[in-house]
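Computed from a prediction, not measured in an experiment: that's the story for all the values here.
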Amino acid sequence: MLKILLIDRCCFTRLGLEIWLNQAGLFSTPVVVTGLNNLMLAKEHAMQWQPDLVIADLYGFAGDLHHVQQLSSLLMACSDCSKLILFQSGHNADMENYCQQFPIAARLAKTDSLAKLAQSIDTALLARPVYSEPQTAAPLLTRQEEKVLSLWMEGTNNHCIASRLGINGKTVYTYKRNIRMKLGMCNRFTPFLSLPEGIR
């Protein structure tokens with residue numbers, strides 16, 4: 001089974017790529033695609049789920065970073081077990097220089113053709129190390145937990161999260177507890193803290 005992780009702030013890009021990657025005949029093996037719009041969750045997915053391929057547009061997150069070096073834990077997690085394809089949807093010299101330190105299979109503009117992306121994916125997958133893979137792969141968080149985490153990261157309070165998702169306020173608390181346990185967060189403020197100096 002081929003596992004692909006999409007990291008992009010734009011939901012249209014994630015959805016479009018997910019549909020395209022799931023096309024019958026694009027790959028010779030079954031594919032599981034997970035799309036995320038959260039860097040912390042993406043790092044945890046890369047470390048625990050160990051996708052074969054990561055396709056990321058990091059430029060959409062540039063405004064959220066206190067320092068470009070905060071990407072290091074994500075890029076290290078991705079490059080340890082996966083091949084990484086970066087989309088360049090903007091220009092940020094600091095980010096581009098910083099990303100040079102990590103092995104990247106391909107750099108593409110978001111305006112490049114799907115044929116060029118397909119060729120880059122084929123090249124990256126052929127170059128990846130072969131692992132014995134489990135028969136099933138499940139996302140780290142459920143879809144509902146991902147929605148709660150996204151709203152939580154935006155600073156939305158429990159009452160508003162419950163209202164927007166049509167669930168009980170106590171259920172939001174339970175989701176947050178489960179998210180903290182799955183992601184190894186020591187407390188409810190962890191998602192909002194900068195990375196420690198040692199892992200930047």
Side-chain angles (χ1 to χ4, degrees), residues 1-22 31-78 80-82 84 87 89 134 136-196 199-200:
M1 179 172 291
L2 186 62
K3 297 180 285 185
I4 300 175
L5 176 61
L6 303 174
I7 307 169
D8 199 309
R9 175 148 276 169
C10 176
C11 67
F12 298 112
T13 301
R14 289 193 318 272
L15 181 61
L17 281 175
E18 195 167 336
I19 291 168
W20 179 72
L21 289 167
N22 280 311
V31 176
V32 175
V33 181
T34 298
L36 299 171
N37 67 347
N38 180 295
L39 290 180
M40 185 176 73
L41 184 57
K43 180 195 83 164
E44 295 300 327
H45 251 71
M47 288 171 49
Q48 294 184 29
W49 195 50
Q50 297 187 345
D52 299 290
L53 180 68
V54 177
I55 302 173
D57 176 7
L58 301 176
Y59 290 86
F61 300 98
D64 296 345
L65 301 171
H66 300 293
H67 303 285
V68 173
Q69 291 85 351
Q70 285 181 305
L71 290 173
S72 66
S73 58
L74 171 65
L75 292 170
M76 285 172 58
C78 292
D80 282 349
C81 60
S82 315
L84 179 62
F87 277 133
S89 64
T136 60
L140 187 61
L141 298 181
T142 66
R143 289 282 184 197
Q144 192 76 334
E145 287 169 342
E146 289 177 3
K147 290 176 187 175
V148 169
L149 180 61
S150 291
L151 291 169
W152 184 16
M153 294 292 293
E154 292 170 8
T156 309
N157 65 38
N158 286 3
H159 177 73
C160 290
I161 292 173
S163 172
R164 286 178 66 177
L165 298 180
I167 57 178
N168 187 296
K170 290 184 179 182
T171 306
V172 174
Y173 173 79
T174 303
Y175 277 127
K176 284 185 171 184
R177 185 190 65 217
N178 292 343
I179 291 166
R180 287 196 312 268
M181 287 175 28
K182 287 180 179 182
L183 299 183
M185 297 177 187
C186 56
N187 62 51
R188 62 194 174 103
F189 302 109
T190 302
F192 307 101
L193 300 175
S194 296
L195 293 173
I199 59 173
R200 283 187 183 168

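Here the closest non-hydrogen pair linking Val54 and Pro51 is CG2-CG, 3.8 Å. When all heavy atoms are compared, the tightest approach of Glu18 to Gly35 is OE1-N, 4.3 Å. Of all heavy-atom pairs between Ala42 and Leu5, the closest is O-CD2, 3.9 Å.
Annotation: side chain of Asn178 is not in contact with side chain of Val148 (no heavy-atom distance under 4.5 Å). Within the 4.5 Å cutoff, the side chain of Leu58 has heavy atoms near those of the Leu75 side chain.
Looking at Lys147, its side chain never comes within 3.5 Å of a backbone N or O of Leu165 through a donor-acceptor pair.
Going from atom CG of Leu36 over to atom CG of Leu41 covers 4.5 Å, rounded to the nearest 0.5 Å. With rounding to the nearest 0.5 angstrom, the CD1 atom of Ile179 is 12.0 Å from the CD atom of Glu44. For the atom pair CE of Met153 and CG of Asn37, the computed distance is 10.0 Å after rounding to the nearest 0.5 Å. In this structure, CD in Glu145 is found 12.0 Å from CZ in Arg143, a value given to the nearest 0.5 Å. Note that the NE2 atom of His45 and the CG atom of Leu39 stand 13.5 Å from one another [nearest 0.5 Å]. Here the straight-line distance linking atom NZ of Lys43 with atom CD1 of Ile7 works out to 12.0 Å at 0.5 Å rounding.
Residues meeting the side-chain contact (heavy atoms from CB on, under 4.5 Å) test with Asp57, sequence neighbours left out: Asp8, Tyr59, Phe87, Ser89, Lys110.
Applying the side chain to side chain donor-acceptor pair (under 3.5 Å) test to every pair with at least one member in residues 158-176, sequence neighbours left out, gives these pairs: Asn158-Lys176.
In summary, of the residues considered (Leu53, Asn22, Asp52), a side-chain contact (heavy atoms from CB on, under 4.5 Å) with Val31 occurs for Asn22 alone.
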